[in-house]
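Heads up: the structure comes next, in structure tokens.
Chain letters run A, B, ... following the sequence lines, proteins first and then strands; every chain starts at 1.
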Amino acid sequence: MFVVLRDLLRYNGEFLAGILMTGVVVAMALLSFVSPYPPLDQFVAPMDVPPSAAHWFGTTSRGQDLFWLLTYSIRNTLAFGLLVAILSRILSLSIGLLAGYRGGWVDRVLMSINDTFIVIPLFPILVLFYFVMRDNMSWVMLAVLTALLGWSYDARLIRSVALSLRHREFTQTAVFSGMRTHEILSREHLPFVLPIVFSTSLNNMNWSIGLEVTLAVLGFTDINRPSVGGMIYWANQHSAVVAGVWWWIAFPVGLVVMLFIGLYLLAISMNEYIDPRSRLERGGGRKE
Amino acid sequence: MSAAMRNPAAKPETADGPVVAVRDLRAWYRLRLFGVDREVKAVDGITFEVRKDEIYGLAGESSSGKSTLVKTIAGAMRPPLEIVGGEIQFSFMDGTMGLNRAPADLVERVRWRHLSYVMQGSMSVLNPVRRIGTSFFDFAFRHMGLDKAGFEAAVVAHLARVNLPASVLKAYPHELSGGMRQRVTIALATICRPQFIIADEPTTALDVVVQKDVLAMFRSIQREMASSVLFVTHDMGVHAHLTDRLGIMYAGRLVEEARTPDVFARPRHPYTRHLIHSLPRIGDDRPRSGLEGTPPSLANPPSGCRFHPRCAFATERCRVEVPPMEQVAPDHRVACFEKDRVEATP
Amino acid sequence: MTGALLELDSVSKTFTRGGLFSRTQVEAVIDVSFRLEAAKPEIFSIIGESGSGKSTLARIILALQTPTRGVARFKGRDLATLRDGADRHAFMAAVQPVFQNPFEAFNPLKRLDRYLYATCQRFAGAKTETAMQEGADKALRQVGLSLAEVKGRYPHELSGGQLQRVAIARALASGPSLLIADEPVSMVDASLRASIVNLFRKLRDELGLSIIYITHDLATAYSISDRIIIMQKGQVVESGDARTILADPKHPYSRTLKESVLEPLAPGERPLFAR
């Protein structure tokens, strides 16, 4: 594993850039643990101060230090993305592997459920949930909902791999070695789909974070919990751009864009590891 | 390198000289990625030639390097495979590297016109969503120098040679049986009357009854066009009945080469000998024995003669020195220090 | 006392292809009957080309598919009635497969020994680590290997011949009375084939194992089989003693098949496709 990382870092510019960008974002999130300001305190700093030595990213119209507020926000946003990715991976893996391995009616039932989720318009549904639940809508709840709506594409992908694994002879060997279905899925088939799971979960994080930011900017989430989208929401509420407080918008947007690009670069460079041929082409091209 | 290897003593039978001459070719896989750091010497010092109007058979088992050799000659190398040394010379083009490193437009002109392939999986040549007739047009039209009507007539006439009706031109590949598809690929490979055809396990996927027909057809078309064929298969039965001369590969090297009947009647290399004696025959109840020991690893091949760990005749010398390919009879070369002892043993 | 190990009684299998509107029926196996005696272990070969139905027949014998008509019985038990886990488990302990491609028969990402351990544990009642290792070693010794040679190894580290031996050892570890070998040597190098073929003979003689050898290769079938059936398009065209039939096949298809076999040249023999 270590050598794989070393070689990816050495030969793959996208991977390096992705690591650096994601690294900066993660470091920001970790800084929240040493923040001098509690996240919900307001009017603890002077208002509308442009970026300066005292307040690196400036301050908001609500008297918050933007830098330290952003560390909390990005931490919450990352946690949301991670939770959605983990939950939806569990769903897509178990459903995809089971449907592909068992085939027949199990496959048909699971895939018709899967396809239903694919065609559901998820944004209106999330908004609907917000209006029904209002203040009971915690971020964990939202993450669970998003995960429930976000597993279906990858389940189909995993199923297609499992479908081909089912017909390989080693699956029959496992059956005739007395292994049970869950053992075959978790020990024989899971290792084959892990690389794809890794790459798709990065994309899934991007997708869910994007969704959360959108909802938050529109105010359809818990606006009192700091998040990147929530910061933009408050900035808009205070007409930050009109008032010339551009940093209130610019830094959150910049950071989340950096996270998007970083995760995307990681996902595509993972692909190169999954399909080493493209890697070799690059190496061979250089040698000539 | 010995003089014997540089200069295959066998004189070409025709005045034109060989269609392909391979000299001391070395092609290695060099991997240095994701923690893997190794050199696989899949082709390591091979010298042979394919003469005009002959079917040269190449036999070898897994990890013999025969598929690597084919890729190298066909110019189908992709990294990490690279040519480390040696020459490939075609009679129809200049240069000592064959199609490798040749400019793209030259490769374009030579392929199909002078050199063509028949592969194991016909589906890799035939586009599944194009009719057979379209495939013929794509591959051959610009090489034939005919107008459309003339081209079509030529294709139909050629299909008759491989016993296919003109109606297959309207068919899609999946509508044909495996045997018919393989006939189509052979027709595709031969329509431009190339001097040299590489056939890589072309009948391995076919059933025996169909295989027999396809091989008979292959021979008749080769005879008619007087083309040269490099015929690669692991199936010694096919070699026995089809090829004119036969080279046996083991662990990246050629160990024996002779006229095919001589390989079967008087094998001089211990490996060839064992290979031939282990083949079962209907009506022959003598016990057979499998080869002992493990097949060689090309990443870490044995020193000296690569067969020595599994060889009953091996001496100290075999462990250290690489036996050169030496002429022992007309058209018969063997790479073995103990070849006289091997021949004397019943 | 019936004494039949395996009994196929007019077994047919029809597959339905196509969708709602254009259904076609493919008859893969038509009316096949044969019987293997429990008291007389033998190597029984099913010979046929692709599409002859021989692999479907193998899947029926392994209870992976149920016949459309007719009955397949193992030790008197109708295989179509193997429904629940315990029944199937007992059946799998007694009937084990060996597959065609040894390189595909094991998960390339996993160590080989775990399949042997699992088989010993699930079917041979090995409870402890030591018992599993002993069982695996015993099975491997029956095929001329030992646990020391296989332990901790991955499939790519072994040759095709060795892997096929490990696959056979794994099948033996459950203590079966019938082995179904579907083209077990077609992907193994010719120089190593003879040792696998000899191994089957040894297992029949020493362990009293019955083996169903499924192949398209008449020459190896000749060298190991006691009895054969030759199949064409799902039907048995000829059956009986291996040597008698292969020396002088009566059915036109069997003759064509025999004539199409390309055998190595005997001294002085003329090649079929000489120039």
Heavy-atom cut-off 4.5 Å, strictly under: side chain, backbone, both or neither for C:Q162 against chain B? side chain
A side-chain contact here means heavy atoms from C-beta on lying under 4.5 Å apart; do C:L265 and B:H241 qualify? yes
Within-4.5 Å side-chain heavy-atom neighbours: B:I282 and C:K258: yes
Could you tell me which residues satisfy salt bridge (Lys or Arg N to Asp or Glu O under 4.0 Å) with C:K250, sequence neighbours excluded, listed by chain and number? C:D248
Please tell me if the side chains of C:F273 and B:I55 come closer than 4.5 Å, counting only heavy atoms from C-beta onward. no
Picking from C:A247, C:A194, C:P264, which has the most non-hydrogen pairs under 4.5 angstrom with chain B? C:P264
If the condition is salt bridge (Lys or Arg N to Asp or Glu O under 4.0 Å), which residues does B:R223 pass it with, not counting sequence neighbours? none
Are any non-hydrogen side-chain atoms of B:V208 and C:E49 less than 4.5 angstrom apart? yes
Between C:S159, C:G161, C:A219, which shows the greatest number of heavy-atom pairs under 4.5 Å with chain B? C:A219
Report yes if some heavy atom in the side chain of C:S191 is under 4.5 Å from a heavy atom in the side chain of B:E61; otherwise report no. yes
Can you find a side-chain donor-acceptor pair between B:D285 and C:Y222 that sits under 3.5 Å? yes
Quick one: closest heavy-atom pair of B:A240 and C:E263, and the distance? CB-O, 4.0 Å
